[in-house]
Asker: 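Provided herewith is a single structure, encoded as structure tokens, for subsequent inquiry.
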Number of protein chains: 2
Amino acid sequence: MGYILTQKRIAILGAGPSGLAQLRAFEAAELAGVKNMPEIVCYEKQNDIGGMWNYTWRTGLDKNGEPVHGSMYRYLWSNGPKECLEFADYSFDEHFDRSIPSYPPREVLKDYIMGRIDKRAIFKYIRFQSPARWITYDDNRQKFTVTVMNHKSDEQETEEFDYVIVATGHFSTPNMPYFEGLEQFPGRVLHAHDFRDALEFKDAELLLIGGSYSAEDIGTQCYKYGAKSVTISYRSTALGFDWPEGIEERPLLTRLEGNIAHFIDGTTKKFDAIIMCTGYLFHFPFLPDELRLQTHNCLYPDNLYKGIFFQSNPKLIYLGMQDQYFTFNMFDAQAWYARDVILNKIHIPDAAQRLQDIQDWLARQEALETADESIDFQAQYVRDLIDATDYPDFPIEKQAELFKAWLRDKEEGIMEFRNKSYRSTITGTMASSLPKPWLDIKDDSLEGFMALKFLAPKE
Amino acid sequence: MGYILTQKRIAILGAGPSGLAQLRAFEAAELAGVKNMPEIVCYEKQNDIGGMWNYTWRTGLDKNGEPVHGSMYRYLWSNGPKECLEFADYSFDEHFDRSIPSYPPREVLKDYIMGRIDKRAIFKYIRFQSPARWITYDDNRQKFTVTVMNHKSDEQETEEFDYVIVATGHFSTPNMPYFEGLEQFPGRVLHAHDFRDALEFKDAELLLIGGSYSAEDIGTQCYKYGAKSVTISYRSTALGFDWPEGIEERPLLTRLEGNIAHFIDGTTKKFDAIIMCTGYLFHFPFLPDELRLQTHNCLYPDNLYKGIFFQSNPKLIYLGMQDQYFTFNMFDAQAWYARDVILNKIHIPDAAQRLQDIQDWLARQEALETADESIDFQAQYVRDLIDATDYPDFPIEKQAELFKAWLRDKEEGIMEFRNKSYRSTITGTMASSLPKPWLDIKDDSLEGFMALKFLAPKE
């Protein structure tokens with residue numbers, strides 16, 4: 001092997017938003033003239049960068065027999081304002097050279113996110129079609145041994161690393177509950193993870209189970225593309241939006257009898273298909289217990305110092321394991337912090353101090369009562385990270401206020417909030433408006449969307 | 001650990017037909033009074049025994065986030081005569097106490113297969129919901145280290161073994177090719193592995209891609225349950241059966257344009273859903289390269305002495321990795337042979353002799369030209385195994401003749417062959433007949449089927 005033995009070696013698992021943030025963080029350091037950079041290998045299961053943003057028609061297992069990573073669906077539009085995920089060092093204005101509306105569809109948003117990636121610089125680190133198989137850590141030698149399956153060569157690769165950065169996401173492995181009678185239901189039963197094309201459910205009577213983002217977004221999308229009816233069944237709390245005729249909420253499903261669903265309020269309804277919008281599992285089949293994060297979807301997972309360093313072995317770093325208001329720029333904040341620890345610019349304290357810090361954040365999380373408080377909490381977390389590195393400062397708190405406005409706009413009209421516009425916290429530009437409502441724009445391809453005549457921003 | 005250190009330890013991966021055969025083989029030895037039996041642990045991913053025969057409504061990933069094992073579909077009927085898989089020591093007559101028809105539906109056949117399992121005796125070996133994570137072999141100590149994920153405890157278990165028996169099957173991981181335009185197809189695209197309930201495709205125009213058992217069986221089943229049309233697209237050779245109005249074959253799909261399929265003969269047709277009947281991958285994500293069988297679906301996989309012992313490490317045993325005419329009793333033959341090697345009743349020769357034996361069989365496989373020859377080849381393979389152990393002899397060659405008759409009956413009428421009856425090679429009993437054609441029997445539950453008034457056997 002050609003590398004100098006004193007050079008650190010870093011494995012990054014995943015080249016989605018988090019993994020790419022980590023690659024960019026190191027790339028930025030190199031450009032800034034940092035010497036003795038570590039050697040980096042990024043292992044990616046898919047055949048391209050982008051993680052969740054790689055739309056695929058495949059469901060279940062991919063062409064290599066590996067679980068499909070993506071939960072992306074064909075007609076997805078951003079469900080939050082683009083101004084809440086805008087990068088300080090790469091604005092929407094810079095990318096599109098014009099003002100675009102606040103809620104872009106999938107391909108448009110992906111175009112922006114990928115626009116700042118210098119593919120030539122980044123790709124050299126990445127080994128595609130190489131899912132992690134098994135990782136061990138040798139306490140004496142302080143090295144990780146990482147084995148991946150390289151499906152291009154059909155051979156495994158085993159290498160040693162000083163740090164492992166887990167950037168594999170946590171919206172890929174469905175949580176799929178059972179309801180009595182599901183095995184006899186004569187239509188399709190799928191998890192939101194496997195939802196792809198809303199047109200499959202045109203004219204169908206659809207049952208969605210779940211009370212969070214997936215249910216509201218898949219429900220409204222199927223309504224948009226011609227589902228005959230959408231019924232959302234919730235366990236404890238209704239989403240409570242002002243639904244149009246054709247979408248309704250009912251309390252929990254208790255059982256199915258053929259194609260008839262029985263709900264806990266005693267009502268029944270016939271359905272053609274069932275979509276489980278019941279969330280995701282944290283799933284790391286490549287990690288032994290002593291390295292495996294065990295958590296649930298929350299704003300501050302336990303056992304991660306600064307939200308990223310595994311408490312019992314801080315050379316193991318987890319990116320993006322939080323529930324997310326902030327996304328891309330939070331991943332950046334984490335990646336820059338992780339980089340500076342690896343480069344010895346930031347020294348992380350001993351286990352007791354780390355534990356204290358974790359417990360402080362957990363106590364603050366425990367005290368959160370409202371969505372607005374949760375947004376502020378995550379903003380403070382990002383602020384805490386950003387202030388410790390040279391990552392370009394950005395108006396985190398202003399973006400937090402936009403998130404709060406977004407929540408209120410959704411309350412005001414779940415079918416209309418995507419017609420709203422917000423002002424960029426980075427450039428001050430006001431977003432332009434859609435020429436017709438989101439509900440009426442069916443061609444949401446990059447070309448189709450960018451060919452729309454956006455209405456000039458209302459300044 | 002309570003076991004005696006000189007006692008051998010055996011890990012069996014999977015409690016489906018092959019793994020159960022292995023457990024029964026050891027159980028039979030114990031009942032026969034064999035002393036110093038090895039300690040056996042059987043790890044099973046699912047929550048019950050039966051492997052592929054555990055019907056599940058789930059697709060993609062299971063409740064633990066593991067790939068769903070089963071490719072079983074709801075209305076499956078045996079596609080070969082039950083007389084070809086009848087056990088010498090447990091006849092259909094013994095199980096059902098009456099003559100039943102030759103092609104039973106899924107639940108009926110499962111009832112028979114499971115009927116001879118002494119659950120109390122077998123279950124004590126099995127750790128359910130425990131998929132294998134990673135296996136290594138230490139050359140010096142001659143031990144395997146097996147790590148599994150116990151989803152019941154949410155903790156991994158790592159133990160050492162002298163032998164590992166891989167009985168995880170090879171019809172679980174879909175081979176899913178890409179065709180241009182699939183990502184824009186506005187209906188469901190699935191692999192046969194994810195096919196469950198034919199009623200989902202009632203009134204649909206269905207495209208099936210593939211030219212083997214899955215295509216013919218799913219195609220005829222969907223026709224039976226009301227698909228508007230079934231089109232089977234083949235790569236090289238048409239199935240060539242005498243299809244009824246509503247089922248047709250076309251040469252290979254070249255591309256999709258929206259919901260329009262273009263075939264290589266220049267024809268086009270509109271479809272509502274696409275089912276890929278394109279076979280399966282051999283997938284052992286828990287095995288490092290040096291232990292991993294790399295093969296394709298054939299009657300004699302390379303690198304397996306006697307079709308089961310891994311050539312470079314014969315303490316690693318693979319069951320049921322062949323393409324299968326013979327099934328359950330072939331697995332028995334393999335399991336009894338493997339058992340006798342482990343118990344030192346059979347001594348396997350050195351590597352060079354094993355290689356020679358493998359090469360002899362491969363040469364014979366190479367020379368096979370017809371389906372009848374293939375059936376005889378597999379019968380000879382089973383005979384070779386059976387003759388070396390105390391497994392009860394059974395009329396393998398007569399069952400082979402039944403397979404040949406079955407092929408001819410399919411040729412004669414792909415929609416009618418399941419109405420045929422055959423004579424048991426074990427008891428001599430002639431099967432009774434269905435009171436109406438298979439095509440007209442929609443309730444194929446165990447209760448529904450057994451309530452039918454079967455027509456007395458035509459002796």
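Labels below follow one simple rule: chain letters A, B, ... track the order of the sequence lines, proteins then strands, and each chain is numbered from 1. What you see below is based on every heavy atom in this structure, not just the backbone, and it leaves out hydrogens, waters and symmetry mates.
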Asker: With the side chain counted from C-beta on, respond yes when A/H151 and A/P131 share a heavy-atom pair under 4.5 Å apart, and no when they do not.
Answerer: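 Yes, at least one pair of side-chain atoms sits under 4.5 Å.
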Asker: Answer whether the closest heavy-atom distance between the side chains of B/L190 and B/I274 falls below 4.5 Å.
Answerer: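 Side-chain contact under 4.5 Å: no.
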Asker: What residues of residues 281-294 of chain B make heavy-atom contacts with chain A at a cutoff under 4.5 angstrom?
Answerer: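 Listed by number: B/L281, B/H283, B/P285, B/L287, B/P288, B/D289, B/R292, B/Q294.
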Asker: Can you tell me how the ring of B/Y225 sits relative to the ring of B/Y75, calling it parallel under 30°, perpendicular over 60° and tilted otherwise?
Answerer: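 The arrangement is parallel - the two ring planes meet at less than 30°.
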Asker: With sequence neighbours left out, what residues match A/R235 under salt bridge (charged side-chain N to carboxylate O under 4.0 Å, His left out)?
Answerer: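 Partners of A/R235 by the salt bridge (charged side-chain N to carboxylate O under 4.0 Å, His left out) criterion come out as none, since no residue qualifies.
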Asker: Among A/Q156, A/H191, A/E200, which residue has the highest count of heavy-atom pairs closer than 4.5 Å to chain B?
Answerer: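 Top option by heavy-atom pairs under 4.5 Å: A/Q156.
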Asker: Quick check on A/S172 against chain B: is it the side chain, the backbone, both or neither that has a heavy atom closer than 4.5 Å?
Answerer: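 For A/S172, backbone heavy atoms alone lie under 4.5 Å from chain B.
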Asker: Measure A/N64 against the heavy atoms of chain B and call it side chain, backbone, both or neither at under 4.5 Å.
Answerer: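 For A/N64, the contact with chain B is made by the backbone alone.
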Asker: Under the salt bridge (charged side-chain N to carboxylate O under 4.0 Å, His left out) rule, collect the residues that match up with A/E107, sequence neighbours excluded.
Answerer: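 For A/E107, no residue satisfies salt bridge (charged side-chain N to carboxylate O under 4.0 Å, His left out) once neighbours in sequence are set aside.
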Asker: Show the nearest heavy-atom pair for residues A/G65 and B/T173, with the distance to one decimal.
Answerer: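 The answer is CA-CG2, 3.4 Å.
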Asker: Does NZ or CZ of A/K45 lie under 6.0 Å from the centre of the six-membered ring of A/Y43, at an angle within 45° of the ring axis?
Answerer: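 That pair does not qualify as a cation-pi contact.
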Asker: Chain A heavy atoms under 4.5 Å from B/R196: which part of the residue, side chain, backbone, both or neither?
Answerer: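 Neither part.
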Asker: Go through the side-chain N and O atoms of B/N150 and B/E157 and say whether any donor and acceptor fall under 3.5 Å apart.
Answerer: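 Note: B/N150 and B/E157 side chains meet the donor-acceptor criterion.
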Asker: Knowing that exactly one of B/F310, B/F161, B/W134, B/Y137 qualifies, which makes a ring-ring contact (aromatic ring centres under 6.0 Å, His included) with B/F144?
Answerer: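 The option that passes is B/Y137.
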Asker: Would you call the rings of A/Y178 and B/W57 parallel, tilted or perpendicular, taking 30° and 60° as the class edges?
Answerer: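 A/Y178 and B/W57: tilted rings.
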Asker: Taking side chain as everything from C-beta outward and backbone as N, CA, C, O, which of these in B/R188 sits under 4.5 Å from a heavy atom of chain A? Side chain, backbone, both or neither.
Answerer: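 Both parts, heavy atoms under 4.5 Å.
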Asker: When you compare the side chains of B/S71 and B/Y280, does any donor N or O come within less than 3.5 Å of an acceptor on the partner?
Answerer: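 Present: a donor and an acceptor within the cut-off.
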Asker: Where along residues 179-187 of chain B does a heavy atom come under 4.5 Å of chain A, listed by residue number?
Answerer: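 Within residues 179-187 of chain B, near chain A: B/L182, B/E183, B/Q184, B/F185, B/P186, B/G187.
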Asker: Would you verify whether the NZ or CZ of B/R106 falls within 45 degrees of the ring axis of B/Y55 while also being under 6.0 Å from that six-membered ring's centre?
Answerer: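 So B/R106 does make the cation-pi contact.
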Asker: Under a 4.5 Å heavy-atom cut-off, does chain B meet the side chain of A/M176, its backbone, both or neither?
Answerer: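 Both backbone and side chain of A/M176 come within 4.5 Å of chain B.
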Asker: Between B/E66 and B/R133, does a salt bridge (charged side-chain N to carboxylate O under 4.0 Å, His left out) hold up when you go through it step by step?
Answerer: CA-CA 11 Å; B/E66 307 293 332; B/R133 278 284 182 264; 2.7 Å; yes
Asker: Could you check which of B/V68, B/D154, B/D62 has the highest count of heavy-atom pairs closer than 4.5 Å to chain A?
Answerer: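 Looking at each of B/V68, B/D154, B/D62 in turn, B/D154 comes out on top.
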